[in-house]
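Notes follow once the structure below has been shown.
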Amino acid sequence: MINALRGMKDLTFEESQRFVHIVTTAIGIAKKYGYNYIETPILEETKLFKRSVGESSDIVGKEMYQFEDKGGNDVCMRPEGTAGVVRAFVQAKLDRRQNEKFKFYYYGPMFRYERPQKGRLREFHQFGCESFGEASVYEDFTIIQMIGDIFSALGIGYKLEINSLGCTECMPTYRQNLVNFLTECQDDLCEDCNRRISTNPIRVLDCKNEKCQSLLTDSPKLIDNLCDSCDNDMKKLTQLLETANIDYTINTNLVRGLDYYNKTAFEFVSSEIGAQSAIAGGGRYDKLVEFLDGKATPAVGFALGIERIMGIVKMPEVNREGYYLGAMDQEAIDALFPLASKKRLTNKVEVEYEPKKLKAHLKGADRVNARYCAVIGEDELKNGTIWVKDLVEKEEYTISQSVF
RNA sequence: GUGGGAUUAGCUCAGUUGGUUAGAGCACCAGAUUGUGGUCCUGGGGGUCAUGGGUUCAAUUCCCAUAUUCCACCCCA
């Protein structure tokens with residue numbers, strides 16, 4: 001028997017229904033906010049992710065499905081969705097269309113070569129949105145509100161954490177201050193953090209090591225060192241969230257794992273799903289389009305992890321639907337098919353090919369969750385009729401096959 | 001990549017201090033005077049006890065390796 005690869009899962013029955021329900025719900029809401037579907041390739045040049053996600057990130061540093069294709073190209077299975085969408089945006093020259101706004105949603109598989117555990121797979125699926133051309137913090141608010149709408153529609157409780165990562169004006173000064181602070185206490189910081197001081201000092205803030213965290217209580221906080229523009233945006237965002245009754249906490253250590261974020265960063269977390277508690281994350285990335293050779297274009301986006309929320313989605317009740325057709329004698333089986341194709345114009349129909357007793361057919365109708373059980377028995381075959389039972393109302397009647 | 005737990009029927013799990021035909025519940029199939037379901041009752045089918053080695057007269061049980069999975073670290077959706 002050949003099994004699926006480690007960290008890769010098949011979804012069937014209830015699980016696949018949950019998956020589809022999440023995606024269709026998210027799509028419905030994204031469309032209400034004016035988003036259009038974008039489909040981009042799963043395979044991209046490795047360079048794309050190195051330049052966008054950042055070489056200092058774990059995702060690029062050690063988790064990529066990277067290989068050389070038969071043409072000698074260095075390629076990667078996408079580890080996240082934003083890079084590909086931005087590449088497509090630039091390639092389609094949408095960055096040249098000044099003052100136009102573009103809003104895209106996508107969903108599909110992402111690949112990271114990690115050790116699997118609950119809520120962490122090697123092939124997993126994200127639903128995401130990217131909004132291009134809108135620099136206003138109102139858009140940051142709107143996108144957070146949209147995610148809130150999606151989780152509400154799915155019956156999922158969450159906590160929202162926000163932070164500001166500053167911009168090219170305030171971040172470099174802050175970064176230097178932080179490096180100075182970290183260098184002073186570097187002997188007490190963990191091995192990873194010592195490495196981060198030179199590669200990506202902001203990530204030190206996110207370190208899970210308790211000793212590091214205790215040292216960081218006195219560290220300079222970016223939120224206290226924002227430039228006027230970033231500070232105003234942050235204040236405006238919190239004000240908008242409060243007016244909209246969206247609860248949030250400011251997490252000054254929320255830095256996001258990907259290098260391209262600036263200004264607003266946010267994360268939705270659930271306490272119901274174990275250690276991998278982030279269910280959606282995103283933020284503003286005003287420099288990424290430029291970074292990928294486009295004209296400077298402000299952008300903000302997010303992704304939510306479909307597998308992460310599959311277990312906590314409240315599924316709508318499934319009602320009995322359609323028809324189950326069966327016969328009690330071999331000679332009557334053929335008569336089922338014209339009836340089935342007629343009914344299928346408007347209904348879900350399942351046909352049993354083996355003759356069975358009435359009781360077995362009723363059970364069969366229950367099993368496929370049909371609303372109606374329709375059976376041709378000895379009498380019905382003789383009279384050209386069909387017996388129909390409404391399994392919800394428990395009403396039954398016999399009618400001519402021609403009016404079925 | 002590091003550390004720890006797990007793997008027995010389709011599913012959830014017992015069990016064998018190493019011994020001949022490995023159990024339960026659910027699910028499935030079939031009966032219950034032959035045409036009335038989702039609840040009862042009776043019966044039935046279904047397992048290379050994860051895979052590959054090793055120890056032993058004998059391994060599902062002990063040992064090793066591999067795979068998968070779960071938990072933690074790490075990281076992130």
Side-chain angles (χ1 to χ4, degrees), chain A residues 1-9 12-14 22 26 53 56-64 78-82 107-128 147 158 190-193 195-196 200 203 206-210 254-258 266-270 273-282 301-310 320 324 326-329 332 354-373 375-381 387-392 394-396 398:
Chain A
M1 184 170 61
I2 296 170
N3 293 315
L5 293 171
R6 164 177 269 193
M8 307 203 175
K9 284 217 162 106
T12 51
F13 308 116
E14 213 214 313
I22 290 165
V53 180
S56 68
S57 72
D58 280 12
I59 292 176
V60 168
K62 53 189 190 190
E63 296 174 359
M64 291 217 288
R78 62 182 182 194
E80 57 97 47
T82 302
Y107 67 94
M110 308 294 161
F111 300 83
R112 293 181 199 171
Y113 197 89
E114 302 179 84
R115 183 92 159 230
Q117 68 181 76
K118 195 178 195 67
R120 194 174 74 183
L121 295 164
R122 287 182 172 180
E123 180 181 12
F124 60 103
H125 297 77
Q126 290 185 334
F127 173 89
I147 302 166
Y158 60 83
C190 72
E191 201 181 311
D192 286 335
C193 284
R195 182 171 41 78
R196 288 174 182 136
N200 194 345
R203 296 301 308 284
D206 200 29
C207 184
K208 301 297 188 296
N209 187 304
E210 278 182 32
L254 175 64
V255 300
R256 315 281 314 138
L258 288 58
F266 56 84
E267 202 163 276
F268 287 70
V269 296
S270 166
I273 55 172
Q276 311 303 319
S277 60
I279 53 178
F302 81 95
L304 67 83
I306 296 176
E307 284 86 353
R308 290 262 169 102
I309 58 175
M310 273 192 20
R320 286 181 172 275
Y324 167 101
M328 297 173 68
D329 299 290
E354 294 294 322
K356 288 182 177 177
K357 295 201 296 189
L358 185 63
K359 187 177 188 124
H361 284 309
L362 285 160
K363 282 189 168 181
D366 279 329
R367 185 163 39 243
V368 299
N369 210 31
R371 170 80 188 258
Y372 300 97
C373 180
V375 177
I376 299 177
E378 197 179 346
D379 298 344
E380 289 81 5
L381 182 62
W387 174 86
V388 182
K389 179 164 184 177
D390 180 332
L391 297 170
V392 175
K394 303 183 196 305
E395 288 166 354
E396 57 187 272
T398 301

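Chain A is the first sequence line, chain B the second, and so forth, proteins listed ahead of strands; every chain is numbered from 1. Predicted model, so just to flag it, every value in this text is computed and none were measured.
Residue-level contact check: A:A280 touches the backbone only, with heavy atoms under 4.0 Å from sugar-phosphate atoms and none from bases. A:E80 comes within contact range of no nucleotide atom at all, as no heavy-atom separation falls under 4.0 Å. Nucleic acid contact for A:L5: none, since no nucleic acid atom lies under 4.0 Å from a heavy atom of the residue. Heavy atoms of A:E380 sit under 4.0 angstrom from at least one base atom. Residue contacts shown for A:G119 include a base, since a base heavy atom lies under 4.0 Å away. Within the nucleic acid shown, A:E307 has no heavy atom closer than 4.0 Å to any nucleic acid atom. Within the nucleic acid shown, A:L391 comes within 4.0 Å of at least one base atom, counting heavy atoms only. Within 4.0 Å of A:G81, counting heavy atoms only, lies no atom of the nucleic acid at all.
The interatomic distance linking A:D379 (CG) with B:rG35 (C1') rounds to 8 Å, in whole Å. For A:M328 and B:rU34, the CE to P distance is 11 Å, given to the nearest whole Å. Between the OH atom of A:Y372 and the C1' atom of B:rG37 there is a distance of 16 Å, rounded to whole Å.
For the P atoms, the distance from B:rG43 to B:rC26 is 13 Å, rounded to whole Å. Comparing B:rA22 with B:rU48, their P atoms sit 12 Å apart, to the nearest whole Å. When the P atom is used for both B:rG1 and B:rU12, the distance is 27 Å, rounded to whole Å. Across the P atoms, B:rA77 and B:rU60 are found 47 Å apart, a figure rounded to whole Å. Going from the P atom of B:rC62 to that of B:rU16 covers 11 Å, rounded to whole Å. Atom name P, nucleotides B:rG53 and B:rA59: the rounded distance is 13 Å, in whole Å. B:rU66 and B:rG5: their P atoms are spaced 15 Å apart (whole Å). Atom name P, nucleotides B:rU61 and B:rA9: the rounded distance is 15 Å, in whole Å.
Residues that satisfy the salt bridge (charged side-chain N to carboxylate O under 4.0 Å, His left out) test with A:D379, not counting sequence neighbours, are absent from this structure. With sequence neighbours excluded, no residue forms a side chain to side chain donor-acceptor pair (under 3.5 Å) with A:Q126.
Mapping A:A275 and A:A4 onto RNA chain B by nearest heavy atom places A:A4 at the nucleotide closer to the 5' end. Summary of the strand contacts: A:Q126 and A:M8 both lie near RNA chain B, and taking for each the nucleotide with the nearest heavy atom, the more 5' one is attributed to A:M8.
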Under the 3.5 Å Watson-Crick or G-U criterion, the dot-bracket string of RNA chain B, with | for inter-strand pairs
(((((((..((((.....[...)))).((((.........)))).....(((((..]....))))))))))))....
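Put simply, A:K359 has a side-chain N or O that comes within less than 4.0 Å of OP1 or OP2 on B:rG37.
A distance-only check finds a donor-acceptor pair linking the side chain of A:R308 to the backbone of A:G119 [under 3.5 Å]. Judged by distance alone, the side chain of A:H125 and the main-chain N or O of A:Y107 form no donor-acceptor pair under 3.5 Å.
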The contact string for nucleotides 1-8 of chain B, one letter per nucleotide 5' to 3', using protein heavy atoms under 4.0 Å with B, S and - for base, sugar-phosphate only and none, comes out as BBB-----
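For A:F124 and B:rA77, the ring-to-base geometry satisfies the stacking test (centroid distance below 5.5 Å, interplanar angle below 30°).
Proximity note for A:R112 (side chain, C-beta onward) versus B:rC76, B:rU69, B:rG37: the nearest is B:rC76.
Judged by distance alone with a 3.5 Å cut-off, no donor-acceptor contact links the side chain of A:Q117 to the base of B:rU69.
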Find every protein N or O atom lying less than 3.5 Å from an N or O atom of nucleotides 44-50 of chain B, and list the pairs.
none

I'd like a table of atom pairs between the protein and nucleotides 27-31 of chain B - only N or O on both sides, under 3.5 Å - with the distance next to each one.
| residue | atom | partner | partner atom | Å |
| --- | --- | --- | --- | --- |
| B:rC29 | OP1 | A:R367 | NH1 | 3.3 |
| B:rC29 | OP1 | A:R367 | NH2 | 3.0 |
| B:rC29 | OP2 | A:R367 | NH1 | 3.4 |

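Crowding of A:E396 atom CD: a count of heavy atoms from other residues, nucleotides or ligands under 6.0 Å exceeding 12.
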